[in-house]
There are 2 protein chains.
Amino acid sequence: MQITRASEYAMLGLLALARRPMGEVVMLDVVAREEDIPVSFLGKIFQSLARGKLVKSSRGSGGGFMLVRSPETITALEVIEAVEGPVSLTRCLDEDTGCEHAGGCALCGLFAEAQDRVKEVFSSATVAQLSGRHIPGGMVRQARQRERIVFRPQRAAKPAALTEKNAA
Amino acid sequence: MQITRASEYAMLGLLALARRPMGEVVMLDVVAREEDIPVSFLGKIFQSLARGKLVKSSRGSGGGFMLVRSPETITALEVIEAVEGPVSLTRCLDEDTGCEHAGGCALCGLFAEAQDRVKEVFSSATVAQLSGRHIPGGMVRQARQRERIVFRPQRAAKPAALTEKNAA
DNA sequence: TTGAAACAGGACTATTTTTGTCCGGTTGCG
DNA sequence: CGCAACCGGACAAAAATAGTCCTGTTTCAA
């Protein structure tokens, strides 16, 4: 589950589309400038997103990219997987190679659990949600807000204080 | 929070110590052979573990490594952080550089949440637990068991079904 | 006290992954 | 036709990963 810049750029790129009226076509270099991303790299990334059916591209003059689905329905996990392919937290969990440690590896289970948690979080956040709390870079670069907002897969808002024992 | 081979090897190395009587000193190349790890690489890794006070090294003939603390008290998170340093899931969360995206980045919060979940999982698994379900490689390389075992940070076993709304 | 055994630690190297760039091709519009 | 925009593959630079190696230093024990 490597989160590389490509994934981040993909998310930011989609946010740029999401804050426009649904269906609007935006050119690559507009998005790139807005989010401060190298345009040719963003091109590659949007190709992946197009293959993943998250955006649609149109060519020729007046062309560009538009969202295919409404931003409420696109999860961060989808975006990441569209860009990185089927990802795994460690080689142990890689679908192709599998765990290559000697004997019965005790770690795979642990890693799998951790990976599931990450996927839970990423699949519970949508592009629309993120778009809501994003300030694109072109404008106010100093006005960063810093509060942490919850992206917990539906559960009570209270972080449960670590000291509850047997909530049955 | 990159989980590299170094972390995996560190865990496996500690498991090798953990399945011996507490306090026993084991040489590097014994561990390396047992877990099928390049010995010189493992040397480097154990240096980190020693600096992190997880193992103690002794030199000279009859030297080697031993656990400093009982394996029940060593969490996977400690091991990983001893080897990788203070880790972060993405550059956004890196303590030095911090988030470098334009404007107010919506992604940091999401990544932070995911990272917290991973840390929860890794801090809830101990070397002792893992040791229990590990078959070292020297012996039966084909007898891999495959069931997934839970490493959930204490909570009700039921995953709460995603459909509860306002549990105040 | 001398020598060998074992780790310490830094320098070095090889491989892989990430992060891009570049350029010719294709498509679509006017 | 001719330009505007994306497509897609090849390429390249930089960084991270995965080690190796060699020269210590410490310790034990003959």
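Here is the naming used below: chain letters follow the sequence lines, and residue numbers restart at 1 for every chain.
- The phosphate of dA18(D) has OP1 or OP2 within less than 4.0 Å of a side-chain N or O from Thr4(B).
- Between the C1' atom of dT18(C) and the NZ atom of Lys44(A) lies a distance of 14 Å, rounded to the nearest Å.
- OP1 or OP2 of dG20(C) lies within a sub-4.0 Å distance of a side-chain N or O belonging to Tyr9(A).
- In terms of phosphate contacts, Arg51(A) brings no side-chain nitrogen or oxygen within less than 4.0 Å of OP1 or OP2 of dC7(D).
- Side chains of Glu84(A) and Ser7(A): a donor on one and an acceptor on the other come within 3.5 Å.
- The CZ atom of Arg59(B) sits 6 Å away from the P atom of dT26(D) (whole-angstrom rounding).
- Proximity of Arg91(A) to the phosphate of dA18(D): a side-chain N or O atom is located under 4.0 Å from OP1 or OP2.
- Along DNA chain C, the nucleotide nearest to Phe65(B) and the one nearest to Gly60(B) differ in position, and the one closer to the 5' end is contacted by Gly60(B).
- Atom CZ in Phe41(B) sits about 12 Å away from atom C1' in dA16(D), given to the nearest Å.
- Considering only side-chain atoms of Arg5(A), the nucleotide from dC21(D), dG20(C), dG9(C) that sits closest is dG20(C).
- Distance alone, capped at 3.5 Å, places no donor-acceptor pair between the Glu35(A) side chain and the Gly13(A) backbone.
- Remark: Ser57(A) is in phosphate contact with dC7(D), judged by side-chain N or O atoms under 4.0 Å from OP1 or OP2.
- Separating the CG atom of Asp29(B) from the P atom of dT20(D) is a distance of 14 Å, rounded to the nearest angstrom.
- Taking side-chain N and O atoms only, Ser40(B) has a distance below 4.0 Å to OP1 or OP2 of dT20(D).
- Closest to the side chain of Met27(B), out of dC7(C), dG20(C), dG25(C), is dC7(C).
- Side chain of Pro38(A), nearest nucleotide from dT26(C), dA4(D), dT21(C): dT21(C).
- Gly43(A) comes within contact range of no nucleotide atom at all, as no heavy-atom separation falls under 4.0 Å.
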